[in-house]
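Keep in mind that this is a model prediction, so the values were computed, not measured.
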Amino acid sequence: MTPTRRTTLALLAALCAGAAHAQAWPTKPIRMIVPLAAGSAVDNAARIVAQKMSQNLGQSIVIDNRPGAAGLIGAGDVAKAAPDGYTFGGFNDSIMTMVPNLNPKMPWDILKDFDPVSLVATVEWGLVVPTDAPEKSAADFIATAKKAPGKINYSSGGNGSPQHIAMALFASQAGLQMKHVPYKGATQAAMGVAGKEVDAAFQGIATVTSLVKAGKVRLIGVTTPRRMPQFPDVPTVSESGLAGFEFNSWFAIMAPAGTPKDITQRLAAEVQKALADPEAATS
């Protein structure tokens, strides 16, 4: 047999093996590590998509919340997991872009230790204050903060979290001096506002919707270009205090580096299939 023919047969065999691998997967439950608190915007999105994917795949996808250090810890668990197609990570953008640039000694490399699978969703944001706070708009909040430089504090899910970056950007553009109070996760940071432990926070809308509807916090501005249909009476931050200010984040699924490509491609296709389902879109 000539070398060329042997090479061709070997490639065909590898392709067939890969196809068989993808067809067999998954044969047991899949774990998605979300390095953020339960109830956060990313956690909510992960659960909605995972539920629909579980139905389509015929295997359960278990959400494993591992908050702490703005996602640094949980992401490290994904990086160390076996690349066998049964452990993935549900990461927000800060884990991949902000945290690595704010920590000089990273325990993992976002470019080397992970393989991308699929973008899942973008997250809309808003500014919240305690229900009995006097502020009714972003302009009111800016005025209050300017009268008391360094005395107004805000919560976040940790150093480098989207909550931290959003408020730091807002403060920089508005010329404010405020104190940062990092919590273990976004949900805890939102509860910090509800419990009046802090004066304000930027939060993913999905994280605080139940608190807003229950009267536990007041939403005084959204960071979208236009008002949100579910909160038509809440002005944008841009129209009500800081012209041009917008902020959002996104959520993606990542795999440990070395996960078979046929599996990551199959999973990506399943993500898109789940997102196309009307039930997932309206959840």
Side-chain angles (χ1 to χ4, degrees), residues 40-42 44-45 70 92-99 101-102 119 121-183 186 189-190 192-194 196 198-213 215-251:
S40 63
V42 168
N44 289 331
N92 65 1
D93 54 342
S94 73
I95 292 172
M96 293 178 272
T97 62
M98 304 172 194
V99 171
N101 287 294
L102 291 174
L119 177 68
T122 56
V123 179
E124 297 161 323
W125 285 70
L127 178 62
V128 294
V129 296
T131 304
D132 60 356
E135 294 81 24
K136 300 295 194 300
S137 68
D140 291 343
F141 182 76
I142 291 172
T144 297
K146 284 189 172 181
K147 290 178 182 177
K151 295 184 179 180
I152 301 298
N153 55 25
Y154 66 93
S155 62
S156 84
N159 292 314
S161 65
Q163 300 83 27
H164 179 200
I165 299 301
M167 189 64 86
L169 180 64
F170 177 82
S172 175
Q173 293 186 10
L176 308 178
Q177 297 178 25
M178 295 185 289
K179 294 180 181 179
H180 175 214
V181 182
Y183 283 67
V193 179
K196 304 178 186 179
V198 292
D199 301 304
F202 271 108
Q203 282 282 353
I205 294 296
T207 305
V208 295
T209 293
S210 61
L211 292 174
V212 173
K213 291 182 176 180
K216 300 293 181 65
V217 299
R218 179 187 299 137
L219 179 64
I220 62 173
V222 293
T223 63
T224 47
R226 291 171 292 278
R227 296 192 183 196
M228 297 180 65
Q230 60 266 51
F231 296 108
D233 296 329
V234 178
T236 67
V237 171
S238 180
E239 73 177 287
S240 63
L242 190 59
F245 184 83
E246 295 179 16
F247 184 87
N248 67 13
S249 58
W250 42 269
F251 159 45

Using side-chain contact (heavy atoms from CB on, under 4.5 Å) as the criterion, point out the one residue from Leu211, Ile205, Val129, Thr209 that pairs with Leu219. Ile205
Do the rings of Phe202 and Phe170 sit parallel, tilted or perpendicular, given the 30° and 60° boundaries? perpendicular
Spacing of NZ belonging to Lys179 relative to CD1 belonging to Ile152, to within rounding of 0.5 Å: 10.0 Å
With heavy-atom distances below 4.5 Å as the criterion, would you say the side chains of His180 and His164 are in contact? yes
Given the rule in the salt bridge (charged side-chain N to carboxylate O under 4.0 Å, His left out) test, do Lys196 and Asp132 qualify, once you have shown the distances and angles that lead to the verdict? CA-CA 9 Å; Lys196 304 178 186 179; Asp132 60 356; 2.5 Å; yes
Minimum heavy-atom separation for Tyr183 and Gly192, please, with both atom names. OH-CA, 3.6 Å
Could you walk me through whether Asp140 and Ile220 pass side-chain contact (heavy atoms from CB on, under 4.5 Å), step by step? CA-CA 9 Å; Asp140 291 343; Ile220 62 173; over 6 Å; no
Exercise: identify the closest heavy-atom pair between Asn92 and Pro162: ND2-CG, 3.4 Å
Is it true that a side-chain atom of Ser240 and a backbone atom of Ala139 form a donor plus acceptor pair closer than 3.5 Å? no
Hey, what do you get for CZ (Phe251) to CG (Leu119), rounding to the nearest 0.5 Å? 9.0 Å
Examine distances only and state if a side-chain atom of Thr223 and a backbone atom of Gly126 form a donor-acceptor pair shorter than 3.5 Å. no
Atom pair CD1/CE of Ile165 and Met98 - distance to nearest 0.5 Å: 5.5 Å
Of all heavy-atom pairs between Asp93 and Asn248, which one has the smallest distance, and what is that distance? OD2-O, 4.2 Å
Please report the C-alpha distance between Met167 and Leu127 in whole Å, then the side-chain angles of each, then the deciding distance to 0.1 Å, and finally whether the side-chain contact (heavy atoms from CB on, under 4.5 Å) criterion is met. CA-CA 9 Å; Met167 189 64 86; Leu127 178 62; 3.8 Å; yes
Nearest non-hydrogen partners of Ser155 and Gln163, listed with the distance: O-CB, 4.1 Å
Is there a side-chain contact between Val237 and Phe247 in this structure, where contact means two heavy atoms from C-beta onward sitting under 4.5 Å apart? no
Using only atom types and a distance under 3.5 Å, with no angle test, would you say the side chain of Ser238 pairs donor to acceptor with the backbone of Ala243? no
With Lys136 via salt bridge (charged side-chain N to carboxylate O under 4.0 Å, His left out) - residues at least two apart: none
Test item: Thr131 side-chain N/O and Lys216 main-chain N/O as donor-acceptor pair under 3.5 Å: yes
Closest contact, heavy atoms only, Gln203 versus Ala189: NE2-CB, 3.5 Å
Could you tell me which non-hydrogen atom of Gly160 sits nearest to which non-hydrogen atom of Ala70, and how far apart they are? C-CB, 4.4 Å
Any pair counted as salt bridge (charged side-chain N to carboxylate O under 4.0 Å, His left out), so long as it reaches residues 232-244, sequence neighbours left out: Arg227-Glu239
